[in-house]
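What follows is a set of notes on a single structure, which appears directly below.
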Amino acid sequence: MENNLIIVESPAKAKTIKKFLGKDFLVKSSFGHIRDLEKKNFGIEIENNYRPQYVISEDKKKIVSELRKSAKNVKIIWLAPDEDREGEAIAWHLFEVLKLKPDNTKRIVFHEITKNAIQNAINNPRNIDKNLVDAQQARRILDRMVGFKLSPVLWEKIKPALSAGRVQSVAVRLLVEREREIIAFKSKSAFKVTAIFEFLDKNNNKVELKAELPKKLETKEQALDFLNKCKNAEFEIEEISTKPLKKSPSPPFTTSTLQQEASRKLGFSVSQTMAVAQKLYEAGKITYMRTDSVNLSNIALTLAKKAISDKYGMKYSKSRKYKTKTKGAQEAHEAIRPTYLENKSVSGSNTEQRLYELIWKRTIASQMSDALLEKTTVIIRISTMEEKLIASGEVLKFDGFLKVYKVSAEEEDQETSKGLLPPLKMNQKLSPEIISATEKFTNYPPRYTEGSLVKKLEELGIGRPSTYVPIISTIQNRGYVVKEDRPGKEREYVLLSLINNTIKKETRIEIAGVEKSKMFPNDIGMVVNDFLVEHFKDILNFNFTASVEKEFDEIAAGKIVWTEMIDKFYRAFHKKVEKTMESSEWSKGERELGTDPKSKKIVTVKIGRYGPVAQLGKSGDAQKPKFASLLKGQHIETIILEEALDLFKLPRILGKYENKDITIGVGRFGPYVMHNSKFYSLQKETDDPFTIKMGRAIEIIEDKREEDRKKVIKTFEENHDLKILKGRWGPYISFKKENFKIPKNKDAKSLSLQNCLDLIKNRQKSKAKTPKIK
DNA sequence: CAGTGAGCGAGCTTCCGCTTGACTT
């Protein structure tokens, strides 16, 4: 029987620690927090000096009782959660819930999981830091107050089941404000001049030199004027200069930078990255994946140095220490790094291997030498004017860290690929092959991706590594935002080119504004945001978290008492909640678009009971107003009168097919063709419900019929309700509008009717057995 | 695949941070 019990948060950590400790230590995990505020009745006794009502979480009851049992059988209990605010609170809750005694309970912390670090921690125990715990309680209680007082205001004033919170509401605000910037953005165009010179080098090889005019020309006239002056001009090299350039590696990964890079380089979503990282962590292949620290342990530094000199040579190695700059970082862990830096790759699924390799490269690169480059700039004189053309190129002199890790382009602006320049001489004469002036449009500010949103939140000190994934899913689940692709629009641009002293004018078409996996605010997100910003400005302020964090720090330092801080906050906050409940209007984001020329009625758009809707006429009028839902892609903020009027033209009857009406309409699942009371979806990109013709409608119907025929794998004469069909996840049984899985080891084609019926019966039985929780 | 804000009105929704399962139609 062991004499010691160590409790940590994570089972994977427990497993690792166990290896370093002798038989006398029992190592267990609490699986994170074990208690939380009661959900019913607010969980805070306002009248009793904000006394928190803690309850053991349903899914932790079993763990708590196990821990209680273990604690009884040992002499000393070591509480070893992380050394940050939340970790301290976990230790304190454990102390309270397990009814531990001060004389045989010790609080220890370690920053890396090594035998030495753990031994060192055990030799230097301390008591639970109650001030730090109080800071956490204040954080928890403030979040509950904000969330559980604000959300009901939204239910009352906008729509049921909405939510607001210190973190999520600011995340939505960022997206809404960016969207408005984009809506208001006016694109300007200017002309970019590039020249290509061709000449023969000393080996008589044809070489090209590409040069640019550093400033853009504002108008087409200026561009034409410039090209005209280039006619019969002489071009000559005026200056060649080189200067050395240095590039340094990025720090090793934190949760947020890993999420961004995995998204950019591997195309992973934020949640996918975390799921894969969790697997690697559980397998002992990487360190903990939820961290805000860029710090590497001394062991890691030594391992990195050895791995780099073994693989690439000593001159590639350079030990570096990185400092965390992020606001509010708690740094309870190391940066995310491979546990064994000598392993460049690992076994596992394809995604695991790729993510591991990314982590390995980034970690190793962070401990490598700078890359050294030489940048050459060539200035070309034009005989007919003052302006100069500039060509530049880069040569890599020493690759350094670039040997393993290419820095990914932060923003897309990589127009000129900088390569080697051909050998050139001072005063060398050049003759242009082509000089062109291309019309370029300024771009609106970029929409957020999941990763860039996380980055922004982190910069503002909002949210924690463990919450980035939940934040993103919450704001989507509430319908405030969607992540999606949107097609671009065609745009004309002018291309002027000077070839053989003649100017050619062309108009070309480019696709602009294509969006891939971007976060877009929905109408409801905008309405909720506007409401919150109007009535709860301070909480929606981007600095709100930072300023309360300062107060939490003071609580942790013992300078202020947590109940006093909370009292001050709550009094002011609660007054605002009450005032808003009483006085504010129903908020539906209504916008008037204009008057229908036919009926002379007013057209408005707003959030209706079932989502964004257009309304023709006023609700008080003698004639009841007409309503029509907005289509996907239409928004209250941007829809115009003509588009809204079109909505009232549906549903419309196109004609007859097989003696039945064909009707076009828009329903819950988007635009449809209805025929013989069956629905067929229109193609998202190609079909327009307002203009679709009979022929195309019939085509859609026939296509769907054909597809359905192909889906059928097997039918049975004896029972027409039952079919074996081919679906997205393989074959399945369809029976009276319900679908049933076919076990992987069974061949769908050879199933008999009886087999199928058995499978159905089995599923129904197992379903009945599953007890309903919650 | 329809309805579009109160003329019956129960009982519910909701926060942020720590952790991993169990569950996959």
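Every chain is numbered from 1, with letters handed out A, B, ... down the list of sequences.
- Contacts of A:Asp36 with the nucleic acid, taken as non-hydrogen atoms under 4.0 Å apart, include base atoms.
- Taking the ring centre of A:Phe42 as origin, the terminal cationic atom of A:Lys149 falls inside the region bounded by 6.0 Å and 45° from the ring axis.
- Within the 4.0 angstrom heavy-atom criterion, base atoms lie near A:Gly32.
- Using a 4.5 Å cut-off on side-chain heavy atoms (C-beta onward), A:Ile336 and A:Thr254 make no contact.
- The side chain of A:His33 lies closest to B:dG17 when the candidates are B:dG17, B:dC15, B:dT20.
- Separating the P atom of B:dA22 from that of B:dC18 is a span of 24 Å, rounded to the nearest Å.
- Residues of residues 284-291 of chain A having a heavy atom closer than 4.0 Å to DNA chain B, listed by number: A:Tyr288, A:Arg290.
- Neither side chain, A:Arg290 nor A:Ser466, offers a donor N or O lying under 3.5 Å from an acceptor on the other.
- Judged by distance alone with a 3.5 Å cut-off, no donor-acceptor contact links the side chain of A:Arg464 to the base of B:dC16.
- Taking the P atom of each, B:dG17 and B:dG21 are spaced 23 Å apart, rounded to whole Å.
- Between A:Gln137 and A:Tyr50, the side chains place no donor N or O within less than 3.5 Å of an acceptor N or O (distance only, hydrogens not considered).
- The distance from atom CZ of A:Arg139 to atom P of B:dC15 is 13 Å, rounded to the nearest whole Å.
- Looking at heavy-atom distances under 4.0 Å, A:Val146 makes no contact with the nucleic acid at all.
- The residue A:Gly463 sits close only to the backbone: its heavy atoms come under 4.0 Å of sugar-phosphate atoms, none of a base.
- Between the side chains of A:Glu643 and A:Gln634, no donor-acceptor pair of N or O atoms lies under 3.5 Å.
- For A:Arg166 and A:Phe544, the positive end is not near the middle of the six-membered ring at less than 6.0 Å and at most 45° from its axis.
- A close approach under 4.0 Å does occur between a side-chain nitrogen or oxygen of A:Thr467 and OP1 or OP2 of B:dG17.
- Looking at A:Glu334 and A:Ser293, their side chains never bring a donor and an acceptor atom within 3.5 Å of each other.
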Inset, instruction - Take A:Leu460 and A:Thr545 through the test side chain to side chain contact (heavy atoms under 4.5 Å, CB included) and record every step on the way to the result. - result: CA-CA 8 Å; A:Leu460 294 168; A:Thr545 291; over 6 Å; no
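- The side-chain hydrogen bond (donor to acceptor under 3.5 Å, both in side chains) pairs that include a residue from residues 273-284 of chain A are A:Ser10-A:Tyr281, A:Gln278-A:Glu282, where partners are two or more places apart or lie in different chains.
- For the pair A:His93 NE2 and B:dC16 C1', the interatomic distance rounds to 13 Å; values are reported in whole Å.
- When rounded to the nearest whole Å, the span between CD1 of A:Ile34 and P of B:dT20 equals 16 Å.
- Using modelled atom types, one finds a donor on one side chain and an acceptor on the other under 3.5 Å when comparing A:Glu45 with A:Gln53.
- The same atom, P, is picked in B:dT4 and in B:dC8; the two are 16 Å apart, to the nearest Å.
- Taking atom CZ of A:Phe648 as the reference point, atom P of B:dT4 lies 13 Å away to the nearest angstrom.
- OP1 or OP2 of B:dC16 has not a single side-chain nitrogen or oxygen of A:Ser466 nearer than 4.0 Å.
- In this view, A:Lys678 satisfies the salt bridge (Lys or Arg N to Asp or Glu O under 4.0 Å) rule with no residue, not counting sequence neighbours.
- Residue-nucleotide stacking is not present for A:Tyr610 and B:dT4, judged by a side-chain ring centre under 5.5 Å from the six-membered base ring centre and planes under 30° apart.
- Remark: DNA chain B forms no stem of 3 or more consecutive Watson-Crick or G-U wobble pairs with all pair distances under 3.5 Å.
- When heavy atoms are screened at a 4.0 angstrom cut-off, A:Arg166 is found touching the sugar-phosphate backbone but no base atom.
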Inset, instruction - Could you encode protein contacts along nucleotides 5-14 of chain B as a string, one character per nucleotide from 5' to 3', using B for base contact, S for sugar-phosphate-only contact and - for no contact, with a heavy-atom cut-off of under 4.0 Å? - result: B-------BB
Inset, instruction - Could you check A:Asp129 against A:Arg107 for salt bridge (Lys or Arg N to Asp or Glu O under 4.0 Å), going step by step and ending with a plain yes or no? - result: CA-CA 9 Å; A:Asp129 180 348; A:Arg107 168 79 170 121; over 6 Å; no
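- Between the CD atom of A:Glu88 and the C1' atom of B:dC18 there is a distance of 14 Å, given to the nearest Å.
- Applying the 3.5 Å distance criterion, the base of B:dT4 shares a donor-acceptor pair with the side chain of A:Ser629.
- If you take OH of A:Tyr468 and P of B:dC16, they are 14 Å apart, rounded to a whole angstrom.
- Nucleotides B:dC16 and B:dC12 are separated by 22 Å at their P atoms, to the nearest Å.
- Between A:Asp143 atom CG and B:dC16 atom C1' the separation is 5 Å, expressed in whole Å.
- Under the side-chain contact (heavy atoms from CB on, under 4.5 Å) criterion, A:Thr604 pairs with A:Glu590, A:Glu592, A:Ile602, A:Gln615, not counting sequence neighbours.
- Atom CD1 of A:Ile63 is separated from atom P of B:dT20 by 11 Å (rounded to the nearest Å).
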